[in-house]
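The structure under discussion appears below in the form of structure tokens.
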Number of protein chains: 2
Amino acid sequence: MARLKSRVTSFDVAKLAGVSQPAVSRAFTPGASITKEKRDRILAAAKELNYVPNVFASSLSSKRSNMVAVISGNLNNPFYSETLQVFVESIQRTHRQVLAFSVQDGRDSDDVMMQAMRYPIDGLVVTSAQMSSELVKLSEGLGIPVVMFNRRVVGSELSGVQCDNFEGSAVLGRLMAAAGARRILIVRGDPQGSTSIDRVQGFRSAVDGVAGVEIEEVDGESSYSGARNAMIRRFNGPGPRFPDAIFAVNDIMAIGCADALNENFGLKIPDDIMLAGFDGIREGQRAPYSLTTVRQPVERMVAETLELLKAAPEDLKGAEAQRRVIPGDLIPGHTVPGMGRWAR
Amino acid sequence: MARLKSRVTSFDVAKLAGVSQPAVSRAFTPGASITKEKRDRILAAAKELNYVPNVFASSLSSKRSNMVAVISGNLNNPFYSETLQVFVESIQRTHRQVLAFSVQDGRDSDDVMMQAMRYPIDGLVVTSAQMSSELVKLSEGLGIPVVMFNRRVVGSELSGVQCDNFEGSAVLGRLMAAAGARRILIVRGDPQGSTSIDRVQGFRSAVDGVAGVEIEEVDGESSYSGARNAMIRRFNGPGPRFPDAIFAVNDIMAIGCADALNENFGLKIPDDIMLAGFDGIREGQRAPYSLTTVRQPVERMVAETLELLKAAPEDLKGAEAQRRVIPGDLIPGHTVPGMGRWAR
DNA sequence: CGTTGACTTGAATACGCATTCACATCTTTC
DNA sequence: GAAAGATGTGAATGCGTATTCAAGTCAACG
């Protein structure tokens with residue numbers, strides 16, 4: 001806990017420039033009422049003294065803080081690190097700053113969020129994590145707008161933005177069924193997470209009625225190694241019977257499956273077994289995989305999230321929460337056969 | 001620019017609990033001098049009113065801010081997003097917060113850093129970006145410790161942590177030469193960046209003396225698509241003569257090269273052409289690539305960076321800057337032949 | 001029983017800046 | 001040329017907390 005050196009203050013600058021302290025404040029405020037000559041003199045003095053306004057002090061008195069907190073879920077999943085990148089760049093573009101937190105999958109996120117709320121932030125984005133009702137109450141009490149990103153919101157207090165996981169997965173289900181999939185393995189992620197749940201249900205809804213379809217589920221732990229190991233565990237030993245098709249509820253697990261099937265069992269995709277994922281991460285789109293998947297339109301989702309954050313704090317209480325469900329984009333890829341007609 | 005709602009203050013809590021305001025402050029300060037009974041009463045009142053201490057006000061008066069700013073370079077390179085993740089998790093573990101910035105490759109980073117310095121931060125980590133001498137002076141004036149991550153520091157004012165890029169690349173050069181590489185293509189990154197420069201030099205130093213070696217360099221723009229396109233541009237057209245070996249100065253470019261060579265030219269790695277990268281990103285280690293590379297020990301580098309940040313501000317001026325150069329770890333991979341003996 | 005010392009406590013103040021408000025200066029307008 | 005407006009300026013004050021500091025409480029000790 002470093003003790004901060006006492007900084008040069010606006011008074012010091014004022015003295016050097018021969019003006020009052022408020023003048024210094026105005027010199028640094030665009031559009032403030034001050035003569036150009038005086039502003040220049042002040043800025044010169046400021047440069048000489050290495051003065052920059054202290055954001056903490058300034059937002060204390062102005063009741064304005066251009067900070068947005070972003071709490072990220074499992075950053076080992078490239079989808080979330082790509083998303084964090086988009087958040088950082090988007091927020092920065094609007095001249096605000098990002099206070100970044102990460103919360104391990106399954107770990108208690110309450111204390112991390114509590115930390116975030118001690119800042120007078122303009123808003124809080126929560127990516128794939130739960131939020132206790134205590135915290136919801138706290139955020140309301142503090143007047144901090146909260147938007148859940150990529151997680152279906154339970155209850156009715158919170159706003160949220162998510163991809164249409166159910167329908168996107170249903171599309172994949174129909175495609176796979178049409179391509180002849182009958183023995184299907186679903187690799188699910190966090191059993192508690194709405195994302196995995198919705199995707200599994202959406203997929204099942206599309207294939208359940210198809211004659212001859214059998215479905216099995218395994219846990220891929222939402223990660224590359226989790227899915228890879230699940231494959232190895234499941235198909236090891238003498239003469240396992242492989243499914244026709246695998247649907248992994250996210251791309252990073254699909255990639256884990258692909259690598260295991262190729263490396264450990266010598267299977268070719270999609271000839272021996274077809275595969276689909278969900279998210280549209282960069283890695284899945286590269287040549288060795290060319291994964292058939294549904295892309296979450298991250299840029300748009302982030303933009304809508306920041307839009308919802310603008311909800312004025314005073315509107316928070318009464319106004320009902322906003323939900324935005326955004327359709328995903330099917331990416332044909334090469335891991336489900338017969339997708340040529342989808343290519344542009 | 002949302003106007004912050006006026007929050008519940010420590011005075012409100014004090015009144016409800018029937019104590020003075022300083023008592024509330026003490027109740028929230030671990031180890032402060034206050035009876036357990038009174039602290040409990042205060043915490044109960046705080047919970048009832050949804051009170052949490054305001055970090056801005058608190059650090060204004062305590063001259064202590066548990067914030068570290070991290071300015072990330074090109075986040076499209078997985079190495080930097082993996083690094084950012086490690087920073088976030090490490091810093092959070094020490095109960096501090098991360099103020100995250102990103103600066104596009106080549107863009108002016110000065111204004112972003114200026115933004116960061118308006119916060120009373122405990123330290124500033126700059127990942128792969130330049131820092132003007134003006135800013136160095138400013139950071140000294142403000143007493144903010146700065147550590148450059150993964151960039152050789154020019155001049156003598158700044159501390160820095162980096163991998164031994166020269167020697168790591170030299171190791172790769174020796175390996176490739178020993179494996180028979182003679183016609184070698186180097187895919188470089190940012191021509192201004194010390195990282196690319198050092199790696200190119202290190203590699204050349206190892207192969208320059210070898211008889212019959214010819215070296216060509218192309219620009220891969222530090223990115224997947226940059227390297228991929230460079231390959232396509234370079235080898236397109238009738239009867240190009242392919243090199244024996246390609247050294248890309250980072251993994252993401254090596255992956256771009258691998259995909260282009262496979263997809264566009266039907267070349268097999270390492271049979272037709274050998275390949276090496278640098279960084280050790282997750283993606284390069286996966287089965288389809290199994291890239292021969294040098295891994296930057298990110299965890300250790302981050303730990304050392306945070307260590308250097310502890311330099312007390314008052315020591316900043318006089319004390320000479322610290323430099324830590326950390327050796328990389330060779331990862332044998334499968335993209336340079338004859339590496340079996342390196343496997344553990 | 002009077003003291004010393006270890007803890008608690010609250011009044012007052014500092015932290016660095018933005019904002020209000022009343023006043024001074026400078027432009028317009030008829 | 002005087003009145004009305006527009007603009008620039010600084011003294012004073014507020015933002016919400018941590019930190020003095022002097023006064024208060026209590027137990028143990030001789």
Side-chain angles (χ1 to χ4, degrees), chain A residues 1-42 45-46 49-66 117-121 141-143, chain B residues 1-42 45-46 49-66 117-121 141-143:
Chain A
M1 278 222 229
R3 195 82 169 214
L4 265 41
K5 176 183 167 183
S6 71
R7 299 169 69 127
V8 176
T9 75
S10 53
F11 283 95
D12 301 323
V13 176
K15 193 189 302 174
L16 179 60
V19 297
S20 70
Q21 177 270 325
V24 177
S25 173
R26 286 192 263 260
F28 280 90
T29 306
S33 180
I34 188 174
T35 20
K36 178 172 180 344
E37 177 201 42
K38 182 169 289 192
R39 161 171 282 149
D40 289 344
R41 189 150 42 99
I42 292 173
L49 295 178
N50 285 321
Y51 168 82
V52 286
N54 180 329
V55 175
F56 279 18
S58 125
S59 61
L60 227 207
S61 88
S62 72
K63 296 175 152 302
R64 207 191 300 286
S65 106
N66 297 308
M117 303 231 223
R118 295 178 57 145
Y119 287 79
I121 48 181
L142 293 172
Chain B
M1 277 221 230
R3 197 84 170 209
L4 264 42
K5 176 184 167 182
S6 70
R7 299 168 69 126
V8 175
T9 75
S10 53
F11 283 96
D12 301 325
V13 176
K15 193 189 301 174
L16 178 60
V19 297
S20 69
Q21 176 269 328
V24 177
S25 172
R26 287 190 263 260
F28 280 90
T29 307
S33 179
I34 188 174
T35 39
K36 179 174 181 339
E37 177 199 40
K38 182 169 290 194
R39 160 172 280 147
D40 290 344
R41 188 150 42 98
I42 293 174
L49 295 178
N50 283 322
Y51 168 84
V52 286
N54 181 330
V55 175
F56 279 18
S58 126
S59 59
L60 184 56
S61 96
S62 71
K63 295 175 154 304
R64 206 192 303 284
S65 105
N66 297 308
M117 304 230 216
R118 295 177 58 144
Y119 288 79
I121 48 181
L142 293 172

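Per chain, numbering begins at 1; letters A, B, ... match sequence-line order.
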Examine distances only and state if a side-chain atom of D12(A) and a backbone atom of T9(A) form a donor-acceptor pair shorter than 3.5 Å. yes
Decide yes or no, distance alone: a donor-acceptor N/O pair under 3.5 angstrom between the base of dA11(D) and the side-chain of Q21(A). no
Would you please confirm or rule out a distance under 4.0 Å between OP1 or OP2 of dT17(D) and any side-chain N or O of S10(B)? yes
Rounded distance (Å) that lies between atom C1' of dA14(C) and atom CG of N54(A): 14 Å
Result for 5'-nearest mapping on DNA chain C, choosing between P22(A) and V19(B), is V19(B)
Which part of the nucleic acid, if any, lies within contact of T9(B), taking any heavy atom under 4.0 Å across all strands shown: a base, the sugar-phosphate backbone alone, or nothing? sugar-phosphate
Short side-chain N/O contact to dC17(C) OP1/OP2 from R118(B), under 4.0 Å: no
What nucleic acid atoms does F11(B) come within less than 4.0 Å of, heavy atoms only: base, sugar-phosphate, or nothing? base
Using atom types as modelled, flag every donor-acceptor pair under 3.5 Å from a side chain in residues 15-27 of chain B to any protein atom, sequence neighbours excluded.
none

First locate atom CD1 of I34(B), then atom CZ of F28(B), and finally report the distance between them rounded to the nearest 0.5 Å. 10.5 Å
Protein N or O to nucleotides 4-9 of chain C N or O, pairs below 3.5 Å:
from	atom 1	to	atom 2	distance (Å)
dT8(C)	OP2	S33(B)	OG	2.8
dT9(C)	OP1	T35(B)	OG1	3.3
dT9(C)	OP1	K38(B)	NZ	3.2
dT9(C)	OP2	T35(B)	N	3.3

Distance below 4.0 Å between K63(B) side-chain N/O and dG16(C) OP1 or OP2: yes
Does dT17(D) have OP1 or OP2 sitting under 4.0 Å from an N or O in the side chain of S61(B)? no
Report the distance from atom CG of L60(B) to atom P of dG16(D), rounded to the nearest whole Å. 12 Å
Distance in angstrom units between K15(A) NZ and dG16(C) C1', rounded: 15 Å
Which is it for F56(B) and S65(A) under the side chain to side chain contact (heavy atoms under 4.5 Å, CB included) test, yes or no, and what are the steps along the way? CA-CA 10 Å; F56(B) 279 18; S65(A) 106; 4.0 Å; yes
What is the distance from CZ of R7(A) to C1' of dA14(C), rounded to the nearest Å? 17 Å
Please determine whether a side-chain nitrogen or oxygen atom of Y119(B) lies at a distance below 4.0 Å from atom OP1 or OP2 of dG16(C). no
Whole-Å gap separating P (dT9(D)) and CZ (R39(A)): 11 Å
What does F28(B) touch in the nucleic acid at a heavy-atom separation under 4.0 angstrom: a base, only the sugar-phosphate, or nothing? nothing
Rounded to the Å, how far apart are I42(A) CD1 and dC17(C) P? 13 Å
Within the structure, does a side-chain N or O atom of R64(B) lie under 4.0 Å from either OP1 or OP2 of dT19(D)? yes
Quick note, S62(A) side chain, CB onward, closest among dA18(D), dG16(D), dT19(C) is dT19(C)
So if I take the C1' atoms of five pairs at each end of the helix from dC1(C)-dG30(D) to dC30(C)-dG1(D) and get each local axis, what angle do the two axes make, rounded to 10 degrees? 30°
